[in-house]
Structure formats: structure tokens, C-alpha cells
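Please read the structure below before turning to the comments.
Each chain gets a letter, A, B and so on, in the order the sequences are listed, and its residues count up from 1. For the numbers below, each heavy atom of this structure counts, side chains included, while hydrogens, waters and symmetry mates do not.
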Amino acid sequence: MVYVLCVGIMCVSALIGKKIAKIVVLRDEFYKLIVVFCDYLKTNISMYRMKTNELIDGFVKNYPSQFDKIFIGFKKCIGAVNNELQLTEIGFLKTSEIQEIKNFLLQLGTSDEANQIAAIENFKQVISYRTELCKKSRNIKEGLIFKISLAIGSVICILII
Amino acid sequence: MLNNLLPEVLLNAMRRFDQNKITELRLRRNCPVVMNYFGKNIMLTSSDGQSVYCNKDMIDFVVRRGTENSLYAYNHQIKQGFITACGGIRIGIAGESVNSDNFLPKTIKDICSINIRIPHEVINCSAVAFKFIYSQGQIKNTLIVSPPGAGKTTYLRDIARKISEIRDKVINVLVVDERYEIASCLNGSAMLNVGKFADIVSGASKKYAFTNGVRALRPDVIITDELADEEDIEACMYAINSGVKVVASVHGDSLAQLKSKQSFNKVLNENYFERIVVLSDKNGPGFCKAIFNENLNCIYF
């Protein structure tokens, strides 16, 4: 009975570890996709001058991912006045990071081509730097968090036994 | 289509009116909103009888909705002073022009007033003139002379439709829609009906559209709006000399006024246009006042 409990505790701690580690993984993958999104915006605005709604729909179609719902949620933000804006909850991002994305989306579609491309380029630079940080963080933390949670589970099992 | 474009305060005030009779809505900052209703300009009032006043937010709202939150996509139109919104609605813009070093406009900022022109399809409005435009089994080169607001674009659209309805014939029409007024294409689809056999070139200059259209699309008839300058007229002459029929419009209120324009001397003297239809707005828009043949003799009055 005790051993069954210990196995259960180890499984739960493994699950918890994986879930916490997933945040780091999601951050890394999300920011990589945002960099691709910026390039997509730049190309389609200069070449085809596609409208912002079409840009989002086209991106989701051409680059399907686990973040599709978030990108569809971005459509509601574009052109909204501040008090109308409700960005989708993105659980793995900090409030300041969500605000940064909000500010970028609010200004999308509010200026001519040259200024719009410049704004996208600026945002891409910020996000590229963040992508580097997230990649380093993932390399270190992904395995570590899982091991720590297993270790905590083991300690609890030892204490029980 | 207006529901997506106008703010709630304007939509509420307009509910009391017949939407099919509203042709224009003028919004000027800090001034009462003016509406063209049944051909008359009246101030828009709310249900309590008070005039509805326009402010900066209202204009910004309409421009944002009209451009679908994509100003960069519409900058080429904004530079020319208009935006074509969904449903063929044309929004004329007045504001401060931001010019480049050689004084060519780059964009318009601080928009102070807009004129929202609402198109209404009037089926068969060109019935009277069409009997003269299509005769002996052929479309005649036609010039529609009309003052502003007299319905020449609606007329041209109806002519394009009627050409596609000619029995037992497929006549290929090229619609050169430089300012997105005739067909109002959006995302590749015509918002306004120009018939089953129409190819539409939107946003291009008449010179480009005529030259490349004649070569690549091989139309039987080209329909275009507002011949403004020598370049437009030369494009028409090129098409007519290539054997393509042209139906075009020009601003003016009479044949005499047209003759006084130097740029039209050559086309009138050399009988390029076989029919000249003069429209008037005195008995309502689209009223055909007179029709002349290539020798400038009146054949209908």
C-alpha cells in the first residue's frame, strides 16, 4: 500500500514537473513563431499590402501551430481603442510581455507602408532578443525542472517510507 | 454595409430615414452632419429633433472601419483623397496633405471632413440611351457627359450590365475602374454588378489599363469613368483605333461646354465618339437630356 502511494506520488510529481517545464517550452516556441509572424507581416505588407485581418488568417493557414487560437484572438485587438481591447489570456507570458504584444497589435494598421514595416522591424528586434533568452532558459531549465520535481517526489516518498 | 462603417450615434439617427434614398453623408469636424436625402441636402437630426454633430472621434472611427484597420493598404487611395470601403461605398477625404520634396502628396493627415457616397444600383436607368448605344447589332463608341452627382457612374454600370444581357451574344467588357467606383472590387470580387462578361482592372491608370487590357484581355468594349486629361483621352483614342469600342464619361453639363474644353477638340472633330449622351440632375439623377451622333446632330431630346 505504501509503495503504491509512493508510485502515485512519483507520477504526480513527474506530471507537475512536466507541466511547469512546459511553460518554458511554450515561451520558447511562441517567441520563435512571433519572429516568423513578423517576417510574414513585412513580406505581405510590402508585396501585397494585405489587410491586417487577412494577414492573421493567412498566417494561421500557412503556419499552423498549437498557438492558432492565440493568433485568431489577436484579430480582435487590431485597431481596437484601448478600452475595447481584450487580449486573449496567454498563461505562459508575463503581464509586461502581454502588454508589449498588445501595444504592437494596437498600432498595426495605423500608418503607411514604410512606417508600418519599420514598426514591425523594431518589434522583431525586441522579440528576437527575447527568443535568444528563452532558448537559453529552455536549454537549462527544461530538464532541470523535471529532475527537481522528481527529486521532491522522491524525498516525500522516502519520508513516507 | 453602413452598419459596419458608421458609429452607433449616426446609425440610430438614420434609422428614421429610408436608407435607399440616402446618397451622401458629410461629416465635418465640429459641424452638424449633413445628409443627401431624396436629392436634397438636409441636416441629420436625432429622434429628439436635435442636429447630430460630428467630432474627431466619429471621423477617426469611419476612417478606421473604412480601411479595415489597415491604413497602409489604402495609402495609395488616401493620397488621391478617397477610400473605397466595403459595398462600393466611397469616402472622400479632406485634410492636411503631407507632401514630399517635389510637392507630390505622400498621405493626408488630420482629416477634418469626409464625404461618404453611398452607391445605389438603379437597374435600367440607361434604358433610353441604350437603344442608341447598341444599334444595328453593334455597340457605339459613347461619351456620357454629366455634371457631378447626376448619376453617370450608375449609368455606366447599368450599360455594362445591359451589354451582358444582349441575347445570343457574348460581348467581352473590360471595366477600367481607376477609382474603384464602377465595380468597387474588394478582395477580387465586384461589390457592384457589372454583368456576367466583365473583366475589371481596378486602381490602375487608364493609360496602363487600356494599353495592357487591349493586348492581354482582348475586350470588345472598354467602359471607364471620368476622362480627365489628355492622357486619358489618348488612351481612349488608342483603344478605338485598335478596334475596341469605348464607353466613357466626362464631367460637363452640356455639349457646348464639352466643345469648349480644348482637350476634347480632337475626339469631337474627328468623330471618335459615335454617341454623346448628355445627362442632367434637374429631373432627378440619371435623367437623359439629349443624345448626339458622331456629327454632333441631336438624335434624341
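- The candidate with the highest count of non-hydrogen atom pairs below 4.5 Å against chain B, out of A/Asn53, A/Leu55, A/Asp112, is A/Asp112.
- In this structure, the ring of A/Phe71 has its center no less than 6.0 angstrom from the ring center of A/Tyr63.
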One pair to check against salt bridge (charged side-chain N to carboxylate O under 4.0 Å, His left out): A/Glu29 and A/Arg138. What are the steps and the verdict? CA-CA 10 Å; A/Glu29 286 178 6; A/Arg138 181 181 177 175; 3.6 Å; yes
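- Residues A/Tyr31 and A/Lys135 bring no donor and acceptor atom of their side chains to less than 3.5 Å of each other.
- Contact residues of residues 202-211 of chain B toward chain A are absent (heavy-atom distance under 4.5 Å).
- Atom CD of residue A/Glu113 and atom OG of residue B/Ser70 lie 13.0 Å apart, to the nearest 0.5 angstrom.
- Neither the backbone nor the side chain of A/Ile117 comes within contact range of chain B; no heavy atom of the residue lies under 4.5 Å from a heavy atom of that chain.
- Looking at residues two or more places apart in sequence or on another chain, you find no ring-ring contact (aromatic ring centres under 6.0 Å, His included) involving A/Phe146.
- Residues B/Val52 and B/Leu10 are in side-chain contact: their nearest non-hydrogen atoms beyond the backbone lie under 4.5 Å apart.
- The side-chain heavy atoms of B/Arg28 and B/Cys112, taken from C-beta on, include no pair separated by under 4.5 Å.
- Residue A/Ser111 touches chain B through its backbone alone, counting heavy-atom pairs closer than 4.5 Å.
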